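Let me begin by presenting the structure, written as structure tokens, before commenting on it.
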Amino acid sequence: QENSDLELTIAGTADYISMVEAGAAEISEEDMLAAMTFGQEAIAAFCEKQAAFLAKVNPTPMDYTIHAADPSVAERVDAHLDEMSAALKDADKAARMQKVEELKSSIIENDFTEEERTTWGSDIKAALKALEKRAMRAMILETGERVDGRAPEEIRPLYIVPGYLPRVHGSGLFQRGQTQVMSVCTLGMLNEWQRLDTIWPEEGKRYMHQYNFPPYCTGETGRMGAPKRREVGHGALAERAIAPVLPDTDTFPYAIRVVSEVLESNGSSSMASTCGSCLALMDAGVPISAPVSGVAMGLIKEGDDVVILSDIQGIEDFLGDMDFKVCGTTEGITALQMDNKAKGLSTEILAEALGQAKRGRAFILDAMLEQIPAPREELSEYAPRIITIKIPVDKIRDVIGTGGKVIRGIQEETGASIEVHEDGNVFIASVDTGGEAARKMVEDIVKVPEVGEEYEGEVVNIQSFGAFVKLTPNKDGLLHISRVANGRVGAVEDVLSEGDTVKVKVIEVDEKTGKISLDRLDKPDAPEGSSKPRNDKGHGNDRRDRDRKRDNRKPRRRD
């Protein structure tokens, strides 16, 4: 599976495919069709085994009494076919629904008595729904015209605005007809990925897509709580469509989250969220390898009469025979999902649907690229800048410090966020100059001075033989007394004091001990009278003074 360019799941019977889920690495329509055909053959073999098992079991069918409506109900309702066809011809979803409901109410009121309405209530409603379905399908099969006046292959009017929201990291507004989606992209540190607790080996994912379908997008009110199956499925489809074109973490070391808010829905909202997400990613400056678009295909099939519809709206999904969503780039398909209600869906029909979807995707993608032809070259000023550096693994403890003291101190001082991985990769994120300051502090911690390098460091300790100068946060070097000034110096304190800043150069690094020897740059002349060694503070080298102190020590007790 790791090496495959296609992940395909098919369900169906021995005769036809009823459901398809697929994710792919930009494969061609021909390869997708061949894989679906291969899958159908496997399903037929499974069904053959099931039939052989059933033949051995020889089950006894159970009898059920099925309710049959009075034939006069359908006769009276079907008489209004032309009126229903006229009511359906409206591109505005709300206006069309109102006309249809008014017609249904009129038929119930005028064609049935109060007693009949009481007796046949559910049968009348079922007949009216069947009338609506028959009128919509007949309109397309007989005239080739859809309820909103479009031709079968025509895409609804597009309205595309990348960068619609000024304050977020990236955004994209995508509208197709009466379906409108706002997608918002947010960039974060890699440790902000989504952690997964499943039976699969994956521990998490860095690209997250969330699809929200609030009640108001269909003109309704309702509770907004946890995502439902539909929202989870649509979000997963859009996520799968975008995933193949995302850059790897070496190229773009960010966790990426896109939230698609469906503001208005009249079919194909999952495909609108795919297009909107692509816009938001490009607006955020995510260097995707290719832009992605998606389109939902439909099918009206009565016997041998077949019409394939591009960019279906809600009524064509509910009353049609197929919802076939296809996403991809100019190079091929990245995701596919199909629900089929028509028996006898042949490979020829599937091939035609895939070809028509490819043309629809290309039309939509061209419109998107007119508004934003490529990902932004610069990230939003509000997005974090992530700096990546590599440190030796044995230096990780120095950067983190005891209990995380060092790394917390760097973050508090610079305002940057720092993430250290076990392989030595360090990611530093900030929205200002704090990132560069944090990087310098980390590099200073792990830096190993080399011969010839020059430093400006603080004198941190003075001994009789020289001064220790702080070169990096974790490394000091010795400036010998013979190198603190021009001429002989009796005591280091005559030239330097703790806290002084001096310019030094590394002249030697002991390979075994790591000790560093320094030479002072811009040496001053030794002060007059400093050539005589000083013994008054115990820093001199007078042997008699040392012997006197040794003789005055108290003897150690031996009990």
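A quick note: this is a predicted structure, and the numbers were derived from the prediction, not measured.
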Enclosure of Lys503 NZ (heavy-atom neighbours >12, cutoff 6.0 Å): no
Distance-only polar pair, side chains of Ser260 and His209, donor-acceptor under 3.5 Å: yes
Six-ring centre of Tyr159, Arg176 cation under 6.0 angstrom, axis tolerance 45°: no
Salt bridge present between Arg146 and Glu154 (N-O < 4.0 angstrom): no
Separation of Arg206 CZ from Asn191 CG (nearest 0.5 Å): 13.0 Å
Polar side chain donor-acceptor pair, Gln175 to Gln180, under 3.5 angstrom: yes
Side-chain (Glu192) to main-chain (Met189) donor-acceptor, under 3.5 angstrom: yes
Backbone of Tyr164 reached by a side-chain donor or acceptor of Ser171 within 3.5 Å: yes
Heavy atoms of other groups near Glu422 CD, more than 12 under 6.0 Å: no
Verdict with supporting geometry, Glu453 and Lys447, salt bridge (charged side-chain N to carboxylate O under 4.0 Å, His left out): CA-CA 12 Å; Glu453 292 182 339; Lys447 172 67 177 174; 2.9 Å; yes
Pro162 backbone acceptor or donor facing Asp283 side chain under 3.5 Å: no
Check against salt bridge (charged side-chain N to carboxylate O under 4.0 Å, His left out), Glu436 and Arg439: CA-CA 5 Å; Glu436 287 296 338; Arg439 171 158 88 173; 3.4 Å; yes
Side-chain donor or acceptor of Ser183 paired with backbone N/O of Gly172 under 3.5 Å: no
From CG (Asp366) to CG (Leu158), nearest 0.5 Å: 10.5 Å
Arg359/Glu153 salt bridge by N-O under 4.0 Å criterion: yes
From Ser497 atom OG to Ile462 atom CD1, the distance as rounded to the nearest 0.5 Å: 5.5 Å
Electrostatic pair Lys205-Glu239, nearest N-O below 4.0 angstrom: yes
Asp311/Arg150 salt bridge by N-O under 4.0 Å criterion: yes
Salt bridge Arg361-Glu29, side-chain N to carboxylate O under 4.0 Å: yes
Sidechain-backbone polar pair: Ser517 side chain, Ile507 backbone, donor-acceptor under 3.5 Å: no
Residues Asp323, Lys325: salt bridge by 4.0 Å N-O rule: yes
Side-chain donor-acceptor contact under 3.5 Å, Gln210 with Asn212: yes
Donor-acceptor pair between Arg156 and Gln313 side chains, under 3.5 angstrom: no
From CD (Glu264) to OG1 (Thr218), nearest 0.5 Å: 10.0 Å
Side-chain donor/acceptor of Thr334 to backbone N/O of Ala241, under 3.5 Å: yes
Residues, nucleotides or ligands: over 12 heavy atoms within 6.0 Å of Phe38 CZ: no
Arg257 side chain vs Ala255 backbone, donor-acceptor pair below 3.5 Å: no
Distance, nearest 0.5 Å, that separates CZ of Phe465 from CG of Leu479: 11.5 Å
Distance (rounded to the nearest 0.5 Å) between Cys275 SG and Ile160 CD1: 7.5 Å
Heavy-atom donor-acceptor pair, Arg520 side chain to Lys505 backbone, under 3.5 Å: no
Donor + acceptor pair across side chains of Ser310, Gln356 (<3.5 Å): yes
Side chains of Tyr211 and Arg230, donor plus acceptor under 3.5 Å: yes
Min side-chain heavy-atom separation Lys93-Asp148 under 4.5 Å: no
Main-chain N/O of Gly267 paired to Thr179 side chain as donor or acceptor, under 3.5 Å: yes
Side chain to side chain, Tyr207 and Val258, heavy atoms closer than 4.5 Å: yes
